[in-house]
Amino acid sequence: MNSMDVNNAMDDRKKRRRLIAGVLFTVYFAVLFYFLFFSEEMGRTYSERAYHYNLVPFKEIMRFIRYRKALGTYAVVLNLAGNIIAFMPFGTFLPIYYERCRKMWYTVLYSFELSLVVEILQLVFKVGSLDVDDLILNTIGGLFGFLIYDLVKKLTRKITERKVHDN
């Protein structure tokens, strides 16, 4: 196989990966949108109740930690880990699909921006609650997702380099 064939094969793999990432990214957004705005299990139904919001950083995080026994493990994990885990795919798929986001700070910035849009929409439509702690946790999730992307990219590069050297 000459170098041109190798380059074409690599380009085809990149295009295929990008397509798969795009499809998975779209599915991820649909699921995220559902859970953030429509899931009754997550208390996302519209009601005439008074709207709750938190603008004090770490207030709700500390409340969940302080009252973890009264709230229960499920509620604490769902709130704290759930907010991080929910945005990890965003931080992983974004740099695959958008070349600009292969720099960590872009992915972190866009994770923050998406989370801010979600929190504002929750305020406007009175589903969930606007919480600065969610913004912090979601942004951390985007960062963790990027770190996973970066780790996989480095491992893939090492494996590819070994294959090239072995041939």
Side-chain angles (χ1 to χ4, degrees), residues 1-37 39 41-42 54 57-65 68 73-122 128 130-167:
M1 205 187 250
N2 65 31
S3 64
M4 189 171 190
D5 291 337
V6 170
N7 286 338
N8 287 339
M10 288 173 62
D11 286 343
D12 288 344
R13 277 187 294 224
K14 284 181 182 180
K15 287 177 185 175
R16 198 170 339 137
R17 284 185 198 142
R18 187 174 161 97
L19 176 65
I20 291 168
V23 169
L24 291 173
F25 207 19
T26 302
V27 170
Y28 160 73
F29 264 116
V31 171
L32 183 68
F33 189 77
Y34 169 77
F35 278 107
L36 292 174
F37 295 104
S39 175
E41 296 154 7
M42 300 296 201
N54 169 40
F58 304 106
K59 178 181 176 183
E60 286 297 307
I61 292 171
M62 293 310 297
R63 184 178 73 82
F64 270 88
I65 292 169
R68 68 187 172 276
T73 303
Y74 179 75
V76 173
V77 169
L78 183 65
N79 186 286
L80 301 181
N83 275 301
I84 292 171
I85 292 168
F87 272 67
M88 286 175 67
F90 184 76
T92 303
F93 287 128
L94 199 62
I96 293 170
Y97 205 69
Y98 296 105
E99 197 169 312
R100 169 189 278 186
C101 294
R102 292 183 185 152
K103 292 187 170 99
M104 183 173 61
W105 71 274
Y106 273 113
T107 298
V108 171
L109 175 65
Y110 291 143
S111 297
F112 174 82
E113 288 176 347
L114 175 61
S115 183
L116 182 60
V117 167
V118 165
E119 294 299 317
I120 290 170
L121 289 173
Q122 286 180 336
L130 184 143
D131 188 349
V132 70
D133 290 350
D134 289 351
L135 196 60
I136 293 167
L137 294 169
N138 295 159
T139 304
I140 290 169
L143 170 64
F144 286 176
F146 177 85
L147 294 174
I148 290 168
Y149 157 79
D150 197 49
L151 178 65
V152 169
K153 183 178 82 173
K154 287 176 182 173
L155 289 173
T156 303
R157 187 177 295 140
K158 280 187 178 185
I159 291 168
T160 304
E161 287 172 1
R162 279 191 191 145
K163 285 182 181 178
V164 168
H165 284 82
D166 291 345
N167 289 333

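Just so you know, these numbers come straight off a predicted model, no measurement behind them.
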- Query: Between Phe87 and Asn138, what is the shortest heavy-atom contact and its length?
  - Reply: CB-O, 3.2 Å
- Heavy-atom side-chain proximity of Leu147 to Leu151 below 4.5 angstrom: no
- Note on the structure: Value for OG1 (Thr73) from CG (Leu78), rounded to nearest 0.5 Å, stands at 12.0 Å
- Pair Glu161 + Lys158: basic N to acidic O under 4.0 Å: no
- May I ask you to decide if Gly91's main-chain N or O and Tyr110's side chain share a donor-acceptor pair within less than 3.5 Å? no
- Message: Rounded to the nearest 0.5 Å, what separates atom CG in Leu121 from atom CZ in Phe33?
- Response: 7.5 Å
- Query: Quick one: CD1 on Ile96 to CD1 on Ile20, what's the gap to the nearest 0.5 Å?
  - Reply: 10.0 Å
- Item | Steps toward side-chain contact (heavy atoms from CB on, under 4.5 Å) verdict (Val76, Ile65) | CA-CA 7 Å; Val76 173; Ile65 292 169; 5.6 Å; no
- Where the side chain of Arg162 meets the backbone of Ile159, is there a donor-acceptor pair that is under 3.5 Å apart? no
- Query: How long is the span from the OG1 atom in Thr107 to the CZ atom in Phe144, to the nearest 0.5 Å?
  - Reply: 14.5 Å
- Is there a side-chain contact between Asn54 and Asp133 (heavy atoms, below 4.5 Å)? yes
- Query: Between CG of Leu143 and CD1 of Ile84, what distance do you get to the nearest 0.5 Å?
  - Reply: 10.0 Å
- Task: Over all heavy atoms of both residues, which pair between Asn83 and Leu137 is shortest? Give the atoms and the distance, please.
- Result: CB-CB, 3.6 Å
- Would you please test Asp12 and Arg16 for salt bridge (charged side-chain N to carboxylate O under 4.0 Å, His left out) and show each step? CA-CA 6 Å; Asp12 288 344; Arg16 198 170 339 137; 5.8 Å; no
- Parallel, tilted or perpendicular: which fits the ring planes of Phe90 and Phe25, with parallel below 30° and perpendicular above 60°? tilted
- Establish, yes or no, whether a centroid distance under 6.0 Å links the rings of Tyr97 and Phe93. no
- Item | Shortest non-hydrogen separation from Ile136 to Pro57 and the atoms involved | CD1-CB, 4.1 Å
- Item | Glu119 side-chain N/O to Asp131 backbone N/O, donor-acceptor pair under 3.5 Å | yes
- Note on the structure: Only one of Lys103, Lys153, Arg102, Met104 passes side-chain contact (heavy atoms from CB on, under 4.5 Å) with Pro95, and that residue is Arg102
- Query: How many angstroms lie between atom CG of Asn79 and atom CG of Asp134, to the nearest 0.5 angstrom?
  - Reply: 6.0 Å
- Task: For the residue pair Leu116 and Phe112, establish whether any side-chain heavy-atom pair is separated by less than 4.5 Å.
- Result: yes
- Item | Donor-acceptor under 3.5 Å (Ser115 side chain, Ser111 main chain) | no
